[in-house]
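Note that ligands are numbered from 1 as they come in the structure, with each ligand's atoms numbered from 1 the same way.
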Amino acid sequence: MTTNDFSSARHTPHPDLESSPAATVSAGPGPGPSPADLLRRLRARGAGDPVTHVERVPARAGVPAPWPSWAPVELRAAFARRGAVAPWQHQAEAANLAYEGEHVVVATGTASGKSLAYQLPALATLLADPRATVLYLAPTKALAADQLRAVAALELEGVRPACYDGDTPRAEREWIRRHSRFVLTNPDMLHHGILPGHAQWSGFLRRLAYVVIDECHTYRGVFGSHVAHVLRRLRRQCARFGATPVFVLASATSGDPATAAGRLTGLPVTAVTEDASPRGGVTFALWEPPLLPPDSGSPTPVPPQATGDHDDLHQVRRSALRETADLLADTVAEGVRTLAFVRSRKGAEVVAANARRSLDDAVPGLGDRVAAYRGGYLREERRELERALLHGDLLGLASTNALELGVDLVGLDAVLICGYPGTRASLWQQAGRAGRSGQEALAVLVARDDPLDTYLVHHPEAIFGAPVEATVLDPANPYVLAPQLACAAVEAPLTPADLALFGDGAKEAIDELVAAGALRQRPTGWYWRHRERPEVDLRGEGGAPVAVVESATGRLLGTVDGGSSHFLLHPGAVYLHQGVSYVVDDLDLADGCALVHTEEPDWSTHARDVTDLSVVSVRSYVDAGPVGMFLGEVDVTSQVVSYQRRRIATGEVIDTRPLDLPTRELRTVAVWFTLSPQSLAAAGVQAADVPGALHAAEHAAIGLLPLMATCDRWDIGGLSTAVHQDTEAPTVFVYDGHPGGAGFAERAYGTASAWLRATRDAIAECGCETGCPSCVQSPKCGNGNNPLSKPDAIRVLDVVLANLPE
Ligand SMILES: [Zn+2]
Ligand SMILES: [Zn+2]
């Protein structure tokens with residue numbers, strides 16, 4: 001947990017850990033083997049060495065700093081009672097900057113004590129000025145509640161911290177508005193509650209000294225772009241009341257946190273990134289499951305959507321799930337308390353079941369020491385599992401990232417991470433579960449069949465070096481800007497002075513709102529014309545979500561966002577929900593609902609679509625001789641036209657069935673590159689192989705983009721063609737899958753050579769012969785991964801990289 005982490009990271013180990021010495025692990029003879037010994041035994045197990053890299057992350061002694069002279073004695077004493085006798089260097093540096101009035105983002109590791117960095121200046125100010133107030137924003141209610149406990153425990157006179165969110169009883173709300181000086185909330189409440197009710201909050205906002213934005217790296221993509229404007233609306237209301245609060249942000253480590261924080265707040269922000277907190281040593285191994293013998297092609301034992309494994313693709317590597325299960329069994333057999341992180345719930349169950357089976361084969365009964373952990377457990381059940389693991393009754397636990405969200409389990413001897421969890425922040429959060437005070441621990445990242453995982457296990461510098469992955473957002477997205485300006489206009493008429501605050505595109509968006517009859521222009525500004533407020537969802541997606549309803553019972557199983565509904569919920573689709581299989585009877589697009597029944601067929605379904613793309617405008621481009629690199633607006637038209645049914649056990653295609661679904665349009669932002677046919681021919685790409693070469697390069701490029709920007713490959717689409725009508729050349733497009741763009745294509749354009757270099761290396765370094773899911777195959781290909789040419793994709797990217805300036 002990141003909150004109040006200064007105290008536990010600083011001087012007091014987790015209380016449970018002190019009471020659970022290694023000797024209580026009764027399966028092994030006393031304390032387990034050292035991480036180095038354990039790793040040696042694990043890698044000696046099979047033929048060939050699956051370990052591509054071992055990083056010794058050394059233990060680090062903290063660098064303490066003196067309390068700032070402005071920190072009142074009372075506050076220092078309160079922190080000391082909580083275990084922090086002095087701040088770490090980075091905490092003091094960030095606190096000093098903030099106290100001097102600079103906007104600051106502290107971007108350091110998990111449990112490095114980011115809370116103290118903002119609590120110190122904020123609380124010192126509240127103590128010095130009995131009228132000042134602080135607003136704290138967290139992405140989740142749980143985090144805000146956690147932080148409230150930490151601030152309340154300091155027992156400072158007159159601060160009266162309080163959470164203000166959807167759960168706050170009406171009766172308490174007025175008291176909080178009037179009396180609390182440290183209000184903890186979330187962006188949704190700020191957007192839906194506080195800003196529309198600014199008149200009632202005027203006393204609080206008028207005296208606002210600090211705005212704290214915790215876990216600010218979670219505000220990315222479309223959601224982040226919305227939050228950026230909610231913060232501009234907050235700054236606008238504060239300015240109306242004469243306040244100019246200082247923004248203090250806390251972020252996970254990422255590439256260029258100052259720029260991301262600047263985009264989020266619209267203010268110049270200074271970054272503090274040097275982590276001076278102490279940490280335990282970890283031996284971190286990168287593990288690539290071996291290639292299978294050519295003809296063994298073993299099918300994945302579980303359905304694809306449930307596990308994230310791709311059963312439809314020809315599997316050439318041993319699956320990460322199997323490999324993780326074996327590793328878990330081996331560490332448990334050594335008496336080592338191990339936590340395995342698996343991306344899906346079903347996957348966690350498969351890992352635990354396989355590990356239990358192998359252990360029982362070796363020593364009957366030993367399998368009982370392994371369990372699966374999934375979300376949805378009652379609090380008592382969770383506590384019981386935690387207790388069992390900490391005391392060694394349980395030695396192995398396979399879990400989804402449910403543990404990341406509020407379960408207090410640290411101090412394990414080994415952590416296995418089955419598949420890169422998507423961001424370095426999550427990776428370190430998971431690895432951070434290993435290691436007890438003064439004791440070394442082992443962490444293993446097991447690569448999945450995926451271009452990004454493959455790249456990472458062969459490029460340890462991308463994990464252990466300076467981060468390049470940045471949090472991106474695009475406040476200029478017109479699909480975000482217009483509704484946010486409408487909200488702002490309701491709060492107070494917009495004036496020309498507001499244009500600079502809301503940034504690029506604000507004037508155009510206002511003109512469109514006027515043309516649409518939503519705003520009226522008067523001499524004093526632009527006024528909202530309607531009685532009711534605009535309904536704006538901060539997580540707004542393309543199209544309303546589709547409800548998934550079980551016909552027999554009328555039970556709502558869940559929702560699927562509009563953008564994916566045609567793919568996942570077409571009639572006949574096999575839909576997996578929490579490990580249970582359903583078949584779709586009907587997709588009613590008018591009502592936004594899909595009717596399903598439970599059925600466990602032995603096939604999976606795979607939708608095919610046809611996509612067309614036209615260039616609307618070019619924002620920016622690089623002319624690099626035979627190669628062109630572009631950023632601009634595009635219109636994407638797509639239609640899901642058919643689906644295949646394939647046997648789960650063998651991947652064999654049973655049949656292809658047509659679908660009758662409407663086309664959908666998406667205006668978004670894309671990055672694309674073109675190559676001259678001559679340059680391709682000169683590089684040895686035959687004309688007939690150009691489509692397969694571009695297609696393969698496109699898949700891998702999409703797979704590697706999460707290295708540069710925190711996004712999911714499902715946030716992004718692509719299209720490649722040997723001749724495009726708008727570019728008149730062989731072209732690869734990669735576009736944001738959200739209306740108006742979310743910043744991903746823009747980041748790809750800005751880091752094009754690094755991005756495509758990583759893509760090229762990922763393909764070239766994959767040991768397969770003709771292409772596999774680890775390099776050029778994609779689980780979401782609308783063309784069934786056909787055509788693809790792995791060697792020619794490398795030639796294409798070599799031509800691009802040879803010409804593109806760094
Ligand atoms: Zn491959
Ligand atoms: Zn494809």
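Ser617 and Glu633 share a donor-acceptor pair across their side chains, judged by distance under 3.5 Å alone.
Taking the six-membered ring for Trp and thresholds of 30 and 60 degrees, Tyr455 and His459 have nearly parallel ring planes, at less than 30 degrees apart.
Rounding to the nearest 10°, we obtain 120° for the angle at the Zn ion (ligand 1) between Cys766 SG and Cys775 SG. Note: angle at the Zn ion (ligand 1), from SG of Cys772 to SG of Cys768, is 110° (rounded to 10 degrees). Seen from the Zn ion (ligand 2), atom SG of Cys781 and atom NE2 of His699 lie 110° apart in angle, a value rounded to 10°.
Other residues, nucleotides and ligands contribute only 12 or fewer heavy atoms inside 6.0 Å of the CD atom of Glu806.
Side-chain atoms of Asp453 come within 3.5 Å of backbone N or O of Arg448 as a donor-acceptor pair.
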